[in-house]
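Beneath this line is the structure, given in structure tokens, with notes to follow.
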Amino acid sequence: MQRHAFELQLAAAEELEPVEAVVDLAAIQAPCLVLSGAHDLADFRQIAARLPQLLANADHVELPWAGHLPSLEQPTVVTDLLIGFLKERVPVG
């Protein structure tokens, strides 16, 4: 599947200019659970750890067993973390 995506991207002949988007992350009020893996690349771990400082309603959890895709590595564990976070943060009704 990934190879097919690369082939499609390579087949695109048209070059487009990058689009600059100005986003105010502090304006986002939705609850956000930021997960990172202790075995991921340092840049990704640092970005994840910084997001709660930029988002008004975010928590960061570094998973000691995870790499780059914790939801694929242990989907049940990630689902349980997400459900627990949402039950705590999102009012029912």
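Start at 1 with the first residue, then count along the sequence. Computed from a predicted model, the values in this text were never measured in an experiment.
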Problem - Any side-chain heavy-atom pair of L63 and L81 under 4.5 Å - result: yes
Problem - L35-F85 co-clustered via ILVMFWY side chain contacts under 4.5 Å - result: yes
Exercise for the section: Apply the side-chain contact (heavy atoms from CB on, under 4.5 Å) test between T76 and each candidate in T79, D80, V78; give the one that qualifies. Expected result: D80
Handout entry: Side-chain touch V90/P31, heavy atoms, less than 4.5 angstrom
Key = yes
Practice task
Considering non-hydrogen atoms only, spot the tightest contact between A58 and P52 and give its length.
Solution key: O-CB, 3.7 Å
Handout entry: Atom of P70, atom of G67 and distance for their closest heavy-atom approach
Key = CD-O, 4.0 Å
Problem - Expected output: side-chain R89 to main-chain N57 donor-acceptor under 3.5 Å - result: yes
Exercise for the section: Give the cluster check for V61 versus L82: same hydrophobic cluster or not, with ILVMFWY residues linked at side-chain heavy-atom distances below 4.5 Å. Expected result: yes
Problem - Cluster link L54 to F44, ILVMFWY, side chain under 4.5 Å - result: no
Problem - Stepwise side chain to side chain contact (heavy atoms under 4.5 Å, CB included) check, H39 with W65 - result: CA-CA 7 Å; H39 300 282; W65 48 263; 5.6 Å; no
Problem - Minimum heavy-atom distance between L55 and L25, given as atom pair plus value - result: CD2-O, 3.5 Å
Problem - Greater than 12 external heavy atoms within 6.0 Å of R50's CZ - result: no
Practice task
Answer yes if V23 and I47 sit in the same cluster of Ile, Leu, Val, Met, Phe, Trp and Tyr residues linked by side chain heavy atoms under 4.5 Å apart, and no otherwise.
Solution key: no
Exercise for the section: Consider only side-chain heavy atoms of I, L, V, M, F, W and Y, link residues closer than 4.5 Å, and tell whether V34 and I83 are in one cluster. Expected result: no
Handout entry: Under 3.5 Å donor-acceptor, R45 side chain and S36 backbone
Key = no
